[in-house]
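What follows is a set of notes on a single structure, which appears directly below.
Chain A is the first sequence line, chain B the second, and so forth, proteins listed ahead of strands; every chain is numbered from 1. All values derive from a computational prediction rather than experimental measurement. As a basis for the values below, the full set of heavy atoms in this structure was taken, side chains included, without hydrogen atoms, waters or symmetry mates.
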Number of protein chains: 2
Amino acid sequence: MTRLREQVLSLIWQSHRPLGAYDILDSLNADGRKAAPPTVYRTLDFLQRMGLVHRIASLNAFVGCTQPSHHHSGCFLICETCHNVLELPSSSIRNAIEGEARKQGFAPRETVVEVTGLCPACKDDGPTNE
Amino acid sequence: MTRLREQVLSLIWQSHRPLGAYDILDSLNADGRKAAPPTVYRTLDFLQRMGLVHRIASLNAFVGCTQPSHHHSGCFLICETCHNVLELPSSSIRNAIEGEARKQGFAPRETVVEVTGLCPACKDDGPTNE
DNA sequence: CCCTCGAACGTTATACTATAACCCATGTCC
DNA sequence: GGACATGGGTTATAGTATAACGTTCGAGGG
Ligand SMILES: [Zn+2]
Ligand SMILES: [Zn+2]
Ligand SMILES: [Zn+2]
Ligand SMILES: [Zn+2]
């Protein structure tokens with residue numbers, strides 16, 4: 001864990017929404033570091049390999065993992081209004097999906113599950129607040 | 001259904017792999033049409049709204065739907081070697097996921113399920129053929 | 001018939017996301 | 001000290017997507 005990696009991880013943890021790579025880049029540069037895109041993407045790759053960060057494919061953005069203890073593909077509920085993301089403990093869902101895949105003779109390696117919709121707060125608050 | 005839309009849909013159907021928007025763009029232009037990116041993206045938006053085409057978020061690419069009769073989010077098995085994609089009839093999986101989401105008070109609208117791995121053919125053929 | 005309106009598409013420019021390729025500094029092992 | 005691996009800076013470029021505006025054409029109403 002280097003200073004750069006800590007810095008990026010901390011940015012991701014402090015935001016409760018997914019961060020784009022260029023958001024992170026801007027924060028780093030605002031913070032005095034002289035970074036360019038490859039720096040950020042390399043760091044994100046590392047954090048993903050460590051299981052500390054997930055990429056949200058449908059948003060091109062990155063979130064901290066809430067169960068970094070073991071490697072896993074995540075399962076995410078993404079609010080379209082407030083943009084908060086909830087990571088579900090996904091093992092049962094993933095098992096179901098990968099079971100279905102194996103039934104087709106397919107050997108799963110990585111599974112993306114991303115549900116977009118409205119979180120409890122935004123669902124109840126009606127269409128008033130964006 | 002206009003000529004352009006038919007043309008794009010036919011390109012997508014003829015390819016058994018996901019096509020990138022710029023692949024489609026190149027095909028159109030090779031075919032005499034003078035198209036630019038917005039033309040392609042607009043057409044793809046339309047075809048998605050019609051339920052004829054799905055976007056694969058983890059590939060930034062588009063595939064034809066195999067059950068265009070009713071609107072649905074797809075559930076895809078994506079081979080990392082041959083790049084073929086199989087769309088599963090996903091209702092049971094989607095129900096499970098969306099049930100889990102509702103348990104959290106979340107109102108699901110769209111669900112992305114994308115499994116990458118090896119298809120039956122590539123799994124058995126070993127690492128020989130790319 | 002002429003007018004209005006909206007849909008489809010062309011056109012230009014630009015934003016956003018990600019990677020290639022190369023360099024140098026530092027640390028470890030022999 | 002030399003060989004090698006890792007981290008990260010630097011420059012350039014590739015790949016994906018949208019904003020904003022203009023033109024054409026056809027449907028429907030006066
Ligand atoms: Zn996680
Ligand atoms: Zn919300
Ligand atoms: Zn489908
Ligand atoms: Zn395959």
Side-chain angles (χ1 to χ4, degrees), chain A residues 1-12 15 17-64 76 78 80 83 85 110 112 114 116, chain B residues 1-12 15 17-64 76 78 80 83 85 110 112 114 116:
Chain A
M1 256 306 176
T2 64
R3 174 89 187 98
L4 172 65
R5 289 166 176 176
E6 281 169 13
Q7 222 173 327
V8 171
L9 186 55
S10 142
L11 283 168
I12 289 177
S15 153
R17 298 125 116 94
L19 285 182
Y22 281 72
D23 297 334
I24 293 169
L25 181 58
D26 292 345
S27 293
L28 289 177
N29 285 330
D31 211 43
R33 184 177 281 270
K34 240 173 98 188
T39 299
V40 175
Y41 283 102
R42 275 191 298 238
T43 306
L44 289 169
D45 285 349
F46 171 83
L47 295 173
Q48 286 174 268
R49 281 197 308 274
M50 295 298 99
L52 298 170
V53 160
H54 295 288
R55 179 173 139 84
I56 310 283
S58 52
L59 299 177
N60 295 326
F62 302 84
V63 290
F76 302 97
I78 304 165
E80 291 174 317
H83 305 110
V85 168
E110 197 83 26
V112 172
E114 296 170 9
T116 55
Chain B
M1 256 309 177
T2 65
R3 174 90 187 98
L4 173 64
R5 290 166 175 175
E6 281 169 13
Q7 221 172 327
V8 171
L9 186 56
S10 141
L11 283 169
I12 288 177
S15 153
R17 297 124 118 93
L19 285 182
Y22 282 71
D23 296 334
I24 294 168
L25 181 58
D26 293 345
S27 293
L28 289 176
N29 285 331
D31 210 44
R33 184 177 281 270
K34 239 173 97 188
T39 299
V40 174
Y41 283 101
R42 275 192 298 239
T43 307
L44 289 170
D45 285 349
F46 172 82
L47 295 173
Q48 286 174 268
R49 282 197 307 276
M50 294 299 100
L52 299 170
V53 161
H54 296 288
R55 179 172 140 83
I56 310 284
S58 52
L59 298 177
N60 295 325
F62 302 84
V63 289
F76 302 97
I78 305 165
E80 292 175 316
H83 304 112
V85 168
E110 196 85 25
V112 172
E114 296 170 11
T116 54

- Short question: side chain of B/Glu114, backbone of B/Ala57 - any donor-acceptor pair under 3.5 Å? yes
- Where is the tightest heavy-atom contact between B/Tyr22 and B/Pro37, given as atom of each residue plus distance? OH-CG, 3.4 Å
- Task: Return the residues of residues 20-28 of chain A meeting this criterion: a heavy atom under 4.0 Å from some atom of DNA chain C. Order them by number, or give none.
- Result: A/Tyr22
- Within residues 29-40 of chain A, find the residues that approach DNA chain C with a heavy atom at under 4.0 Å, and present them sorted by residue number. A/Pro37, A/Pro38
Please write out each protein N/O paired with an N/O of nucleotides 5-7 of chain D under 3.5 Å, distance rounded to 0.1 Å.
unit_1: D/dG7; atom_1: OP1; unit_2: A/Arg5; atom_2: NH1; d: 2.9
unit_1: D/dG7; atom_1: OP1; unit_2: A/Arg5; atom_2: NH2; d: 3.2

- Query: How would you give the extent of chain B contacts on DNA chain C, as first and last nucleotide 5' to 3' within a 4.0 Å heavy-atom cut-off?
  - Reply: C/dA8 to C/dT12
- To the nearest 0.5 Å, tell me how far A/Leu9 CG sits from A/Leu44 CG. 10.0 Å
- Item | B/Asn29 to B/Ala35 - nearest heavy-atom pair and separation | OD1-N, 2.8 Å
- For B/Gly64 and B/Ile12 the tightest heavy-atom approach is N-CG2, 3.2 Å
- Is the backbone of B/Asp23 close enough, under 3.5 Å, to the side chain of B/Ser27 for a donor and an acceptor to pair up by distance? yes
- Task: Measure across A/Ala61 and A/Gly20 and return the closest heavy-atom pair with its distance rounded to 0.1 Å.
- Result: CB-N, 4.2 Å
- Taking side chain as C-beta onward, heavy atoms only, is B/Met50 less than 4.5 Å from B/Met1? no
- Identify which one of B/Leu25, B/Val40, B/Leu28 satisfies the side chain to side chain contact (heavy atoms under 4.5 Å, CB included) criterion when paired with B/Val8. B/Leu28
- Nearest-0.5 Å distance that lies between atom CG in B/Leu59 and atom OG1 in B/Thr116: 8.5 Å
- Query: So how far is it from B/Phe46 CZ to B/Thr2 OG1, rounded to the nearest 0.5 Å?
  - Reply: 7.5 Å
- Value rounded to 0.5 Å, distance of CZ in A/Phe62 from CD1 in A/Ile24: 7.0 Å
- Message: Would you say A/Asn60 places a side-chain N or O within less than 4.0 Å of OP1 or OP2 belonging to D/dT16?
- Response: no
- In whole angstroms, how far is the C1' atom of D/dG15 from the CZ atom of B/Phe62? 13 Å
- Message: Just to be sure I understand the rule, does A/Arg3 reach a base, reach only the sugar-phosphate, or reach nothing, if contact means heavy atoms closer than 4.0 Å?
- Response: nothing
Check nucleotides 21-28 of chain D against the protein and report each pair of N or O atoms closer than 3.5 Å, with its distance, or say if there are none.
none

- Message: I need the OH-P distance between B/Tyr41 and D/dT16, as an integer number of Å.
- Response: 7 Å
- Selection residues 40-56 of chain A - residue pairs positive for side-chain hydrogen bond (donor to acceptor under 3.5 Å, both in side chains), sequence neighbours left out: A/His54-A/His72, A/His54-A/Glu87, A/Arg55-A/Asn60
